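Read through the structure below, which is laid out as structure tokens, and then see the notes.
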Amino acid sequence: MDRLFPATFPLAAGPVRLRAPRRAPALWTLLAVAFVVVPLLGSDYWLNAILIPFLVLSLAALGLNLLTGYAGQTSVGAAGFMAVGAFASYGVLLRLPELPLPLALLGGGLIAAATGLVFGIPSGRIKGFYLMVTTLAAQFFLEWLFAKFPWFYNYASSGTISAPRLAFLGWDLSGPVGRYLLVLSCVVLLTWVAVNLVRSRIGRNWMAIRDMDTAAAVIGIQVARDKRLAFAVSAFYLGIAGALWAFAYLGTASAASFDINRSFQILFIIIIGGLGSIAGNFIGAAFISLLPLLLDHLGQWLFGGRIDAGQLQNLQKIIFGVAIIAFLIKEPEGLVRLFERLRGRLKVWPLRF
């Protein structure tokens, strides 16, 4: 009988386990390139202006996707929680300078998680458009809070926070390579945690709430508790992303660095990349980060500097907006779904394409 029915489909009671395709070699190769090859060959421009913001935006999108894509809770206040993480990590390092950098980032993430837990309380009673308005109010409140009270930025006349000396275990991380490796390590670690989280019971509960919260409550899921947990976990990821955005990318940041435009940027990333997808966060962040650069180089090549820089920037925004709208109409499930279809067709090529 065991020969007829393999172990992957047991007859005995228990979960049916389907074997996922093995992608470990490609993943380890990608990590080796990211950790070894890129620091050796990457220029300062690529590290500072492209790779670091791409990784931080991917992490922020991952945090929002856990809330919106997996738990089904709409939020437009992502940048507000990023600000909490940035200002909290700055305050921790300012008052405890001997604290290691990873613990300071963790402290900022935990404070952001507590903030997200508070603002997630209304999700137990409201949802949809009304919940979105609540998160929008949280965005404006947090932005006003950090701009209004000088205590958060140590009474600096500029109203900004400055990145502390980035070091860990005697290693200086203030250079482009050091900051890139710091961000990359945080992103890889937190992505691994997110992958295991969405596969756990918590992740299954979130997806059940996303599909139909009434049915989830009927089968015994504590809907209100799990919604608040989703807000806390999402804010934790966003808080660490905000600290990395301020310390590893910008160097100095203010409340305006985390305005509503940043929240919409992160929301566009998960919509373009694919809701409810881990890989979609990185694909969407690459699209958002690289397409403006591509349009800029294309404009310089076509017009050769004969058009005013402001007009060229407005033209880029128009092209960028039209491209996003056309893409969403053509492939509403995100770029990750488009790549999956392309990969499926390539497997049977040239028989069918």
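What you see is a predicted model; the values in this text were computed from it and never measured.
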Review point. Should L93 and L101 be marked as a side chain to side chain contact (heavy atoms under 4.5 Å, CB included) after you check the CA-CA gap, both sets of side-chain angles, and the distance that decides it?
Key: CA-CA 8 Å; L93 286 174; L101 179 61; 4.0 Å; yes
Check your understanding: Checking side chain to side chain contact (heavy atoms under 4.5 Å, CB included) for the pair L103/L96: CA distance, chi angles, key distance, verdict?
Key -> CA-CA 11 Å; L103 291 182; L96 298 172; over 6 Å; no
Check your understanding: Where do L142 and F258 land on the side chain to side chain contact (heavy atoms under 4.5 Å, CB included) test, with the steps shown first?
Key -> CA-CA 10 Å; L142 293 172; F258 306 97; over 6 Å; no
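When hydrophobic residues (I, L, V, M, F, W, Y) are linked wherever their side-chain heavy atoms come within less than 4.5 Å, the members clustered with V322 are I318. As a member of the Ile/Leu/Val/Met/Phe/Trp/Tyr network built from side-chain separations under 4.5 Å, I221 groups with I209, I219, V223.
Formation of a donor-acceptor pair under 3.5 Å by the S58 side chain with backbone atoms of A285 is not found in this model. For S234 (side chain) and G63 (main-chain N/O), a donor-acceptor pair under 3.5 Å exists by modelled atom type. Between the side chain of S277 and the backbone N or O of G273, no donor-acceptor pair lies under 3.5 Å.
Within the 4.5 Å cutoff, the side chain of I161 has no heavy atoms near those of the S254 side chain. A 4.5 Å side-chain heavy-atom check between L244 and Y249 finds every atom pair outside the cut-off. Under the 4.5 Å side-chain criterion, counting only non-hydrogen atoms from C-beta, I272 is in contact with I288. For the pair I260/L136, a side-chain contact is recorded, criterion being any heavy-atom separation below 4.5 Å from C-beta on. Using a 4.5 Å heavy-atom threshold, the side chains of L145 and F149 count as touching. Contact of the L166 side chain with the W171 side chain is not registered, since no non-hydrogen atoms from C-beta on lie closer than 4.5 Å.
Evaluation of the salt bridge (Lys or Arg N to Asp or Glu O under 4.0 Å) test over residues 141-165, restricted to residues two or more places apart or in two chains, returns none. Residues in residues 175-187 take part in these side chain to side chain donor-acceptor pair (under 3.5 Å) pairs, two or more places apart or across chains: N48-R179. Applying the side chain to side chain donor-acceptor pair (under 3.5 Å) rule to pairs touching residues 150-161 yields S158-T160, sequence neighbours excluded. Applying the salt bridge (Lys or Arg N to Asp or Glu O under 4.0 Å) test to residues at least two apart or on different chains, the pairs with a partner in residues 222-238 are D213-K227.
The line from CZ of F264 to CG of D259 is 10.5 Å long, rounded to the nearest 0.5 Å. In this structure, OG on S263 lies 11.0 Å from CZ on F268, to the nearest 0.5 angstrom. Between L47 atom CG and L55 atom CG the span is 10.0 Å, to the nearest 0.5 Å. Interatomic distance, CG of L131 versus OG of S75, reported as 7.5 Å (0.5 Å rounding). For the atom pair CG of L62 and CG of N281, the computed distance is 5.0 Å after rounding to the nearest 0.5 Å. Rounded to the nearest 0.5 Å, atoms CD1 (I269) and CD1 (I283) are 12.5 Å apart.
In terms of hydrophobic clustering, with Ile, Leu, Val, Met, Phe, Trp and Tyr side chains grouped at heavy-atom distances under 4.5 Å, I325 and L338 are assigned to different clusters. In terms of hydrophobic clustering, with Ile, Leu, Val, Met, Phe, Trp and Tyr side chains grouped at heavy-atom distances under 4.5 Å, F129 and F140 are assigned to a common cluster. No single ILVMFWY cluster, assembled from side-chain heavy atoms under 4.5 Å apart, contains both L335 and I329.
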Can I get a per-line list of side-chain donor-acceptor pairs under 3.5 Å for residues 29-38, giving both atom names and the distance, sequence neighbours left out?
{"residue": "T29", "atom": "OG1", "partner": "P25", "partner atom": "O", "Å": "2.8"}

Considering only distance and modelled atom types, tabulate donor-acceptor pairs under 3.5 Å from the side chains of residues 79-92, sequence neighbours left out.
{"residue": "S89", "atom": "OG", "partner": "G85", "partner atom": "O", "Å": "2.8"}
{"residue": "S89", "atom": "OG", "partner": "A104", "partner atom": "O", "Å": "3.4"}

In a table with atom names and distances, give each donor-acceptor pair under 3.5 Å that connects a side chain of residues 108-125 to protein atoms at least two apart or in another chain.
{"residue": "T115", "atom": "OG1", "partner": "I111", "partner atom": "O", "Å": "2.9"}
{"residue": "S123", "atom": "OG", "partner": "G120", "partner atom": "O", "Å": "2.4"}

Please output the side-chain donor-acceptor pairs of residues 188-197 that fall under 3.5 Å, not counting sequence neighbours, one pair per line with the distance.
{"residue": "T191", "atom": "OG1", "partner": "V187", "partner atom": "O", "Å": "2.6"}
{"residue": "N196", "atom": "ND2", "partner": "W192", "partner atom": "O", "Å": "2.7"}

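For R210, the side chain to side chain contact (heavy atoms under 4.5 Å, CB included) criterion is met by M207, not counting sequence neighbours. With sequence neighbours left out, L275 forms a side chain to side chain contact (heavy atoms under 4.5 Å, CB included) with N65, T68, I270.
In terms of heavy atoms, C186 sits closest to L105 at SG-CD1, 4.2 Å. Summarising the geometry of W245 relative to S257, their closest heavy-atom pair is NE1-O, 4.3 Å, with the distance given to 0.1 Å. Between F282 and F54, the closest heavy-atom pair is O-CE1, 3.2 Å. Among all heavy-atom pairs drawn from V177 and P39, the shortest one is CG1-CB, 3.8 Å. In plain terms, the two heavy atoms of L57 and S289 that are nearest each other are CD1-OG, 3.9 Å. Listed here is the closest heavy atom pair of V336 and A279: CG2-CB, 4.4 Å.
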